[in-house]
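This report concerns only the one structure given below.
So you know, we letter chains A, B, ... as the sequences are listed, proteins then strands, and number each from 1.
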2 protein chains.
Amino acid sequence: MAAQRKIPTPSDDEQRAGADLEDLVGYNLKRAYVIVSADFRRTLGMDGFGPRVFSALSLVVQYPNITQSELARMLGIERSGLVAIIDELEGRKLLKRIPVPRDRRVQALIPTDEGRAAYARARDAVRAHEAALLSDLTAEERETLLTLLRKIRQTED
Amino acid sequence: MAAQRKIPTPSDDEQRAGADLEDLVGYNLKRAYVIVSADFRRTLGMDGFGPRVFSALSLVVQYPNITQSELARMLGIERSGLVAIIDELEGRKLLKRIPVPRDRRVQALIPTDEGRAAYARARDAVRAHEAALLSDLTAEERETLLTLLRKIRQTED
DNA sequence: TATTGTTATACTCTATAACTATA
DNA sequence: TATAGTTATAGAGTATAACAATA
């Protein structure tokens, strides 16, 4: 016979109380992301790097001369949403918008020396914060997690 | 000697171009969540169920007589943010706020029959949509993913 | 006609602070 | 004093639609 459960007012015909949400990938993704992004902000917030600004700078550093349209596509957001992000990075002198002679609609984005340095510092801080936050996961588990998340991303929506 | 890379304008001293973001758990969590939640909205959007409303209804159905404060704590959001969600669910007659005699500050939340039925339908639809969206993952991979995400959640912020 | 960068606008989600009525 | 529910407010983040310049 099954033991009486102690969980607060468990109900009806489920195997585990509250199991519905716990078994959904979407719900668990959201909850996990909230924890990791909160830690990200705690780590880099004082440097004025939100996740979006950090991600955009990362790609500009790693793909100098990228355009805003290309960057938006890589980040999975709309072109219009990128304007404020680039404005901020340019205002802080971490990158420049450079006219491209052969197509005058386009402006290539290139990081400044200061941008490259600030990015390297931020990247190292983020890596350190993730390593500490996820220290309950073995290196293998962390790699497995990344592999599974990338597999979802390949779904390409 | 290393072969020349073909990736669009790869830069400097990284092993893989653009590898920085790809190796961060936070970035991959975010990208994966965007895909899953967009599919959620496509599936349940016409029924007027956003992720938040769905999650709240789920817990009210599974924990009848729960209070708003308890619910907020379980969902990891602020009490104030729950008011609009409960207003909407009550307005759609999917749950009721019931006064609790022994503590007149509190209102117990109980699902209506219609609320239970609507939730069961929505839950089944979400499960089906997740199964289809994540069909590239084996059952074992999906379980591993849930286990790892729950492990991050246990970090408890 | 199509595309790039841009602006204007609105909507979702969430947090903070303060109020009220109870305890 | 402390807590439950509530309101007001503000700030991210994102999307859609339209526009000017250019292709």
Side-chain angles (χ1 to χ4, degrees), chain A residues 26-27 29-31 33-38 40-42 44-45 48-56 60 65-91 95-110 157, chain B residues 26-27 29-31 33-38 40-42 44-45 48-56 60 65-91 95-110 157:
Chain A
Y27 181 75
L29 276 176
K30 169 69 168 292
R31 297 296 299 260
Y33 177 66
V34 166
I35 290 168
V36 175
S37 68
F40 183 103
R41 285 168 201 287
R42 238 178 282 119
L44 290 188
F49 278 121
R52 300 185 314 154
V53 172
F54 172 81
S55 299
V60 171
N65 291 303
I66 195 172
T67 67
Q68 284 182 223
S69 290
E70 289 166 345
L71 186 49
R73 187 170 30 74
M74 290 184 76
L75 290 173
I77 64 176
E78 291 297 314
R79 277 175 358 266
S80 61
L82 208 58
V83 178
I85 298 172
I86 301 301
D87 282 351
E88 184 186 329
L89 285 168
E90 190 172 40
L95 60 78
K96 285 184 196 169
R97 286 186 244 234
I98 304 289
V100 173
R102 50 142 228 235
D103 185 341
R104 306 219 311 281
R105 292 173 302 182
V106 174
Q107 296 167 245
L109 302 173
I110 61 164
D157 192 10
Chain B
Y27 181 75
L29 277 175
K30 169 70 168 293
R31 296 297 297 261
Y33 177 66
V34 165
I35 290 169
V36 174
S37 69
F40 183 104
R41 284 169 201 285
R42 238 178 283 119
L44 290 188
F49 279 121
R52 297 186 315 154
V53 172
F54 173 82
S55 299
V60 171
N65 290 302
I66 197 173
T67 67
Q68 283 182 222
S69 291
E70 288 166 345
L71 186 49
R73 188 171 29 76
M74 289 184 77
L75 290 173
I77 63 176
E78 290 297 314
R79 278 172 2 261
S80 61
L82 209 56
V83 177
I85 298 172
I86 300 302
D87 281 351
E88 184 186 328
L89 286 168
E90 190 173 41
L95 61 76
K96 285 184 194 168
R97 287 187 241 232
I98 303 291
V100 173
R102 49 143 227 234
D103 185 341
R104 308 219 310 279
R105 291 173 303 184
V106 174
Q107 296 168 246
L109 302 173
I110 60 165
D157 192 18

List in chain and number order the residues that pass side-chain contact (heavy atoms from CB on, under 4.5 Å) with R52(B), two or more places apart in sequence or in another chain; answer none if no residue qualifies. I85(B)
Applying salt bridge (Lys or Arg N to Asp or Glu O under 4.0 Å) to R105(A) and not counting sequence neighbours gives D103(A)
Output one line per pair: protein atom, nucleotide atom from nucleotides 10-13 of chain D, and distance, for all N/O pairs under 3.5 Å.
unit_1	atom_1	unit_2	atom_2	d
dG13(D)	OP1	R41(A)	NH1	3.3
dG13(D)	OP1	R41(A)	NH2	2.7
dG13(D)	OP2	R52(A)	NE	3.2
dG13(D)	O5'	R52(A)	NE	3.4

Figure out the CZ/P separation between R104(B) and dT20(C), and round it to whole Å. 18 Å
Between the protein and nucleotides 6-10 of chain C, which nitrogen or oxygen pairs are less than 3.5 angstrom apart?
unit_1	atom_1	unit_2	atom_2	d
dT6(C)	OP1	R97(A)	NH1	3.3
dT6(C)	OP2	Q68(A)	OE1	2.8
dT6(C)	OP2	Q68(A)	NE2	3.1
dT6(C)	OP2	R97(A)	NH1	2.7

From CZ of R102(A) over to C1' of dT4(C), roughly how many Å is that when rounded to an integer? 13 Å
Closest nucleotide among dT22(D), dA23(C), dT4(C) to the S69(A) side chain: dT4(C)
Under the salt bridge (charged side-chain N to carboxylate O under 4.0 Å, His left out) rule, what pairs show up with a residue in residues 70-87 of chain A, not counting sequence neighbours? D87(A)-R97(A)
Return the set of residues passing side-chain hydrogen bond (donor to acceptor under 3.5 Å, both in side chains) with Y33(B) (not counting sequence neighbours), or none when no residue passes. none
Can you measure Y33(B) atom OH to dT12(C) atom P for me and round it to whole angstrom units? 14 Å
So, taking the atom named CD1 in I66(B) and the one named CD1 in I110(B), what distance separates them when rounded to the nearest 0.5 Å? 13.5 Å
Go nucleotide by nucleotide along DNA chain D from the 5' end; which of I85(A) and R105(A) gets its closest nucleotide reached first? I85(A)
Counterpart residues, ring-ring contact (aromatic ring centres under 6.0 Å, His included), relative to F54(B) (two or more places apart): F40(B), Y119(B)
With E88(A) via salt bridge (Lys or Arg N to Asp or Glu O under 4.0 Å) - residues at least two apart: R92(A)
